[in-house]
Amino acid sequence: MTARLFPAGLLLLLLDKPIVHAQCSNTCFHAGDSVCDDGGLGSEFSACSLGTDCDDCGTRGRGRLEFYLAGAQNVPDKDAWLMGHSDPYVIVETVSGSECGRTTTKNDALHPTWDEWVSCGCVDSSGGVFKVYDDDSISLGLTDELLGTFDTNVGMSSAVLSATGTLSIATWTGTLTDNDGSGMSLVITRYWDTGACT
C-alpha cells in the first residue's frame with residue numbers, strides 16, 4: 001500500500017497495482033494542441049489515426065478500466081436545512097454513458113472518504129465520468145440530487161507516457177475539479193490495462 005497526501009489534507013491510500021504506462025503515441029501532426037484529432041470517441045476531428053494524439057485524447061484501444069475512488073473535498077451541503085449534511089455517493093460511467101457501478105453512501109459527509117474500487121470491465125476508451133449525488137431516497141423519500149459531475153478526459157491525458165516492451169498498463173492518480181464550478185474535488189486513481197482484453 002502506498003500513501004499520498006493531496007490538497008486539503010486528504011490522504012490517499014493506493015493499493016499496490018503495477019504502475020507502468022500504456023503504449024500511446026503523439027505522432028499525430030496535431031498532437032499537443034489541446035484538441036482531440038484521432039477520430040475516436042469524444043474527438044473533435046478525424047485528422048489522425050486512433051491512438052496517435054494521446055496528449056489531447058487520452059489512451060485509446062480496448063482495455064480493462066477500473067477506478068479507485070479515494071474521496072472528495074468540499075461537497076456542497078444540500079441537507080443543512082435538516083440540521084445535517086449531504087449524504088454523497090458517486091456513480092461511475094464510461095464516456096459512452098454505460099454505468100459501471102457506484103460507491104456506498106457516506107452519511108453527513110462534506111469531505112467523504114470512500115476507499116473503493118469500481119470496475120467498468122473491458123471497454124473501448126480509458127475515460128470515465130463521475131456523478132456525485134446527495135442520497136435523499138432512504139431518509140426523506142425524495143429523488144437524489146446531483147451535486148457535481150467530473151470527467152477524466154479533462155486534465156488527465158498528460159500523465160500517460162509511452163511504455164517499453166509489452167507493458168500495457170497505465171495509471172493516473174490525481175484530483176479532478178467538478179465541471180459545474182462548485183469547488184468540489186474528487187480524488188481518484190484510474191487503472192487502464194490494454195493487455196487484459198485480448
What I'd like to find out is whether the side chain of Y89 reaches to under 4.5 Å of the side chain of P112, using heavy atoms alone. no
Distance-only, no hydrogens or angles: does the D135 side chain make a donor-acceptor pair with backbone N or O of P88 under 3.5 Å? no
Keeping D134 on the side-chain end and S86 on the backbone end, is there a donor-acceptor pair under 3.5 Å? no
Spacing of CG belonging to L110 relative to CD belonging to Q73, to within rounding of 0.5 Å: 10.0 Å
Drop me the distance from K131's NZ to R102's CZ, to the nearest 0.5 angstrom. 14.0 Å
Spacing of C28 atom SG and D33 atom CG [to the nearest 0.5 Å]: 7.5 Å
Does some side-chain heavy atom of E99 sit less than 4.5 Å from a side-chain heavy atom of V92? no
Do side-chain atoms of N26 reach the backbone of D55 as a donor and acceptor pair under 3.5 angstrom? yes
Side-chain donor/acceptor of H111 to backbone N/O of N74, under 3.5 Å: yes
Co-membership, hydrophobic cluster, residues F150 and W114, 4.5 Å side-chain: yes
Nearest 0.5 Å, please: how far is SG in C100 from CZ in F130? 8.5 Å
In sequence, state the C-alpha distance, the side-chain angles, and the governing distance for S119 and E66, and then conclude on side chain to side chain contact (heavy atoms under 4.5 Å, CB included). CA-CA 4 Å; S119 177; E66 297 177 5; 3.8 Å; yes
So, taking the atom named CG in L146 and the one named NZ in K78, what distance separates them when rounded to the nearest 0.5 Å? 9.5 Å
Are side-chain N/O atoms of D87 and Y133 paired as donor and acceptor at under 3.5 Å? no
Student check: side-chain heavy atoms of V35 and H30 closer than 4.5 Å: no
Do L186 and M184 belong to the same hydrophobic cluster, where Ile, Leu, Val, Met, Phe, Trp and Tyr are linked whenever their side-chain heavy atoms lie under 4.5 Å apart, directly or via other members? yes
May I ask you to decide if D136's main-chain N or O and E145's side chain share a donor-acceptor pair within less than 3.5 Å? no
Hey, does Y68 have a side-chain heavy atom less than 4.5 Å from the side chain of D115? yes
Using the rule that two of Ile, Leu, Val, Met, Phe, Trp, Tyr join whenever any of their side-chain heavy atoms come within less than 4.5 Å, decide whether I188 and V118 are in one cluster. yes
Is there a path from V187 to V129 through hydrophobic residues (I, L, V, M, F, W, Y) whose side chains come within less than 4.5 Å of each other? no
